[in-house]
Amino acid sequence: MIITFVEHDGGRADRSSLEALTFARRLASGLGDSLGAVLFGPEAAAAAAGLGAYGVTEAHLVDDSRLDAYAPAAWGRSLAGLVGTTSPAIVLAAGTDRGQEVLAYAAAMLDTPMAANCIEVRPGEPFEVTRQRWGGSLLEEARLDGAVRFLTIAEHATQPEEAVAPSTVRVAAFSPTLSEADLRVRVVARVAPEVGKVSLADARVVVGGGRGVGGAEAFSELEELAGLLHGAVGVSRVVTSAGWRPHSQQVGQTGTRIAPDIYIACGISGAIQHIVGCKAAKTILAINTDREAPIMSRAAYAVIGDLHSVVPALSAEIRRRQAS
Amino acid sequence: MNVLVCVKRVPETGGRVTLSSDAREIDTRYLGFTVSPHEECATEEAVRLIEANGGSSTVLTLGPEAASDQLRAAMAIGIDRAILLETDGQDWDPVSTSVAIVDAIRAEAAAGVSYDLLLFGNEAADSGDFQVAIRVALALGLPCINGVKSLAVKDGVATARREAGGGWEVFEVPLPAVLAVREGINLPRYPSVPGRLRAKKKEIERSVPVARLVGAMGPAAGPEKIRLRLPAETEGRVEILGTGAEAAPAVVDLLERIGVLAR
Ligand SMILES: Cc1cc2nc3c(=O)[nH]c(=O)nc-3n(C[C@H](O)[C@H](O)[C@H](O)COP(=O)(O)OP(=O)(O)OC[C@H]3O[C@@H](n4cnc5c(N)ncnc54)[C@H](O)[C@@H]3O)c2cc1C
């Protein structure tokens with residue numbers, strides 16, 4: 001069996017978990033193996049019911065009210081326990097914060113390696129994976145050992161796809177054995193997202209600013225354009241390091257991954273660590289004084305020129321059309 | 001309070017990456033080196049914690065002799081001690097790396113130095129394994145929080161927050177603890193000239209870690225790198241819409257075409 005750790009919200013599996021399940025199902029069918037899932041939390045049963053569409057035949061619901069709030073080590077311990085009783089060949093999860101964390105705990109508890117952010121798996125002996133390095137700007141082919149193979153699947157690398165024929169999900173409760181030490185780290189409070197704010201990760205339009213913006217004040221030009229397009233402002237690391245903008249606006253390997261319909265990159269050179277954060281954009285428009293900047297090979301469209309004249313001209317043109 | 005921060009030397013890549021002829025490393029002939037932004041922030045956090053609470057901070061790296069540069073960069077902003085677990089420059093897998101770090105922390109304990117906080121970057125910039133902090137914490141029996149973007153330490157308790165779904169998750173653990181930090185937790189300072197000079201003169205404590213051989217002694221290590229490969233590029237040709245402010249109508253036409261212009 002292949003077991004997938006499934007994250008869910010409001011009784012439905014998260015998109016990244018559906019990506020991982022799609023990946024796992026293809027792997028299972030190549031191996032002639034079955035697909036199982038493990039879920040935590042009070043809404044696990046509802047979420048599990050929907051997994052037949054993705055080919056899951058067995059869902060393990062971890063049954064312990066102490067685990068209703070996220071507790072990384074305890075969730076990992078539960079997964080390690082489930083591995084002990086079900087002996088899967090492969091355990092996988094989405095390459096999300098929780099996916100990486102829960103699998104790393106379970107793998108470490110079983111003294112087994114784990115490969116993070118895989119995009120391909122070649123099962124067999126040796127068992128090989130292709131995984132992302134540098135946030136996805138470089139790939140590594142690696143050998144993965146262990147009696148059970150633990151791996152996470154890079155987000156956005158697989159399209160979620162339902163199985164041709166849905167399966168019936170057999171649901172089983174699993175009671176983990178936990179120690180006090182496993183329960184030391186738990187979410188004790190949550191802060192809800194700000195309402196009514198366009199989040200950078202979900203924005204349909206992102207106006208990006210880099211070193212070329214030149215200082216904190218000039219960001220008002222980008223804010224204005226983003227506002228007219230109901231979008232969000234994103235920035236490069238040079239901008240956050242200089243303190244011009246908060247890190248929550250940084251796009252890239254150590255910032256946010258964005259996937260807008262259009263990314264308007266102003267005064268950004270296009271370093272690989274920035275590109276991995278914005279390559280999921282449907283269209284990239286670069287505004288840059290340098291025709292040879294690396295961003296030009298990533299952008300579909302470009303305007304050559306000083307952003308301080310181009311960006312205000314764009315806002316003015318949008319206003320003019322909206323008024324007419 | 002004693003704080004240990006663990007960092008990794010990585011090439012400072014820019015617009016394009018080329019590989020060595022055996023495809024096992026990045027070609028670094030024309031590159032500088034650095035540590036991950038997450039680790040720069042972890043280092044800054046260690047310095048701030050000691051400034052606020054007193055005590056001593058230590059930076060540790062597993063890497064080649066040249067990684068002394070990254071240790072000195074940390075000392076230049078105020079880290080007190082530096083430990084180099086010297087390798088021949090080959091990349092160590094995350095299992096072996098965590099074993100070497102645990103051995104080093106145990107050796108420190110045997111010499112009478114215990115740490116209240118072990119700080120890591122959330123994931124290394126190059127290998128992105130997302131597990132070293134967790135493996136170290138489990139081996140030492142310590143609690144661990146990952147993805148930390150805000151931290152307060154008071155009365156022996158660490159309160160850490162991390163981003164989750166547009167909001168925040170809050171964790172609380174008693175010290176000693178392990179924290180894997182993300183960029184954004186603070187804005188690292190720049191080293192001062194006197195700081196740099198002081199760091200240059202400081203001693204680096206060295207030892208040679210014992211490698212955990214894959215498949216040989218006991219449980220498996222890995223994943224074991226075979227080769228690197230550049231992802232397939234979808235390099236289209238860029239269409240120049242114009243030069244300067246005159247390009248505005250063409251750009252707004254484009255925005256209209258892709259349907260993002262609210263009317
Ligand atoms: C491990 C690691 C992780 C990193 N993570 C990230 C990350 O998450 N996000 C990130 O962004 N970076 C990240 N970086 C940094 C990255 O390598 C680059 O240094 C950074 O992205 C460059 O920012 P920039 O494009 O704003 O600046 P530059 O590279 O200096 O480019 C500025 C550009 O602006 C143009 N320009 C200048 N003036 C004007 C003007 N008036 N009008 C129009 N154009 C103008 C120039 O032609 C140039 O192309 C990371 C680096 C490392 C080593």
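Naming convention: chains lettered A, B, ... in sequence-line order (proteins, then strands); numbering from 1 in each chain.
For the pair B/Glu169 and A/Arg190, the salt-bridge criterion is met [side-chain N within less than 4.0 Å of a carboxylate O]. Ion pairing between a basic and an acidic side chain is recognised when a charged N comes within 4.0 Å of a carboxylate O; A/Asp111 and B/Arg135 show no such pairing. The pair B/Glu256-A/Arg321 counts as a salt bridge, with a side-chain nitrogen and a carboxylate oxygen less than 4.0 angstrom apart. We find that A/Arg237 and B/Glu12 are not joined by a salt bridge, their nearest charged nitrogen and carboxylate oxygen being 4.0 Å or further apart. Between A/Arg133 and B/Asp129, none of the side-chain N atoms (NZ, or NE/NH1/NH2) sits under 4.0 Å from a carboxylate O, so this pair counts as no salt bridge.
Proximity to chain B is limited to the side chain of A/Ile264, based on heavy atoms less than 4.5 angstrom apart. Both the backbone and the side chain of A/Ala299 come within contact range of chain B, each with at least one heavy atom under 4.5 Å from a heavy atom of that chain. Of the two parts of A/Ser137, only the backbone, made up of N, CA, C and O, holds a non-hydrogen atom closer than 4.5 Å to a non-hydrogen atom of chain B. For A/Val205, the part sitting under 4.5 Å from any heavy atom of chain B is the side chain, from C-beta outward, and nothing else. For A/Leu285, the part sitting under 4.5 Å from any heavy atom of chain B is the side chain, from C-beta outward, and nothing else. Both the backbone and the side chain of A/Ala189 come within contact range of chain B, each with at least one heavy atom under 4.5 Å from a heavy atom of that chain. Residue contact with chain B, scored on non-hydrogen atoms closer than 4.5 Å, is absent for A/Asp306. The part of A/Arg131 that comes within reach of chain B is its side chain, from C-beta onward, which places non-hydrogen atoms under 4.5 angstrom from that chain.
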Step by step, would you call A/Tyr105 with B/Cys144 a side-chain contact (heavy atoms from CB on, under 4.5 Å)? CA-CA 10 Å; A/Tyr105 273 106; B/Cys144 176; 3.4 Å; yes
side-chain contact (heavy atoms from CB on, under 4.5 Å) for A/Thr254 and B/Arg182? Distances and angles first, verdict last. CA-CA 8 Å; A/Thr254 50; B/Arg182 279 220 162 100; over 6 Å; no
Derivation of the salt bridge (charged side-chain N to carboxylate O under 4.0 Å, His left out) call for A/Glu141 and B/Arg227: CA-CA 5 Å; A/Glu141 292 173 7; B/Arg227 72 181 70 80; 2.3 Å; yes
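Contact annotation: the side chain of B/Trp168 never approaches that of A/Pro193 to less than 4.5 Å [non-hydrogen atoms, C-beta and beyond].
No side-chain donor from either of B/Ser36 and A/Gln253 sits under 3.5 Å from a side-chain acceptor of the other. For the 3.5 Å distance criterion, the side chains of B/Glu183 and A/Gln250 qualify, holding a donor opposite an acceptor.
Between chain B and the residues A/Gly305, A/Gly95, A/Ala104, the largest count of heavy-atom pairs under 4.5 Å involves A/Ala104. Per-residue counts of heavy-atom pairs under 4.5 Å with chain A were compared for B/Val17, B/Ile145, B/Ile258, B/Leu254; the largest is that of B/Leu254. Listed options B/Val252, B/Asp126, B/Leu138, B/Val173 were ranked by heavy-atom pairs under 4.5 angstrom with chain A; first place goes to B/Asp126. Annotation: maximal heavy-atom pairing with chain B below 4.5 Å, among A/Ala313, A/Ala302, A/Pro312, occurs at A/Ala302.
In this structure, the side chain of A/Gln273 engages the main chain of B/Thr13 through a donor-acceptor pair within 3.5 Å.
Pairing each heavy atom of A/Gly136 with each of B/Pro231, the nearest pair is O-CG, 3.7 Å. Summarising the geometry of B/Ala221 relative to A/Pro113, their closest heavy-atom pair is O-CG, 3.2 Å, with the distance given to 0.1 Å. For the pair A/Pro72 and B/Phe171, the tightest heavy-atom approach, listed with the atom from each and the gap, is CD-CE2, 4.1 Å.
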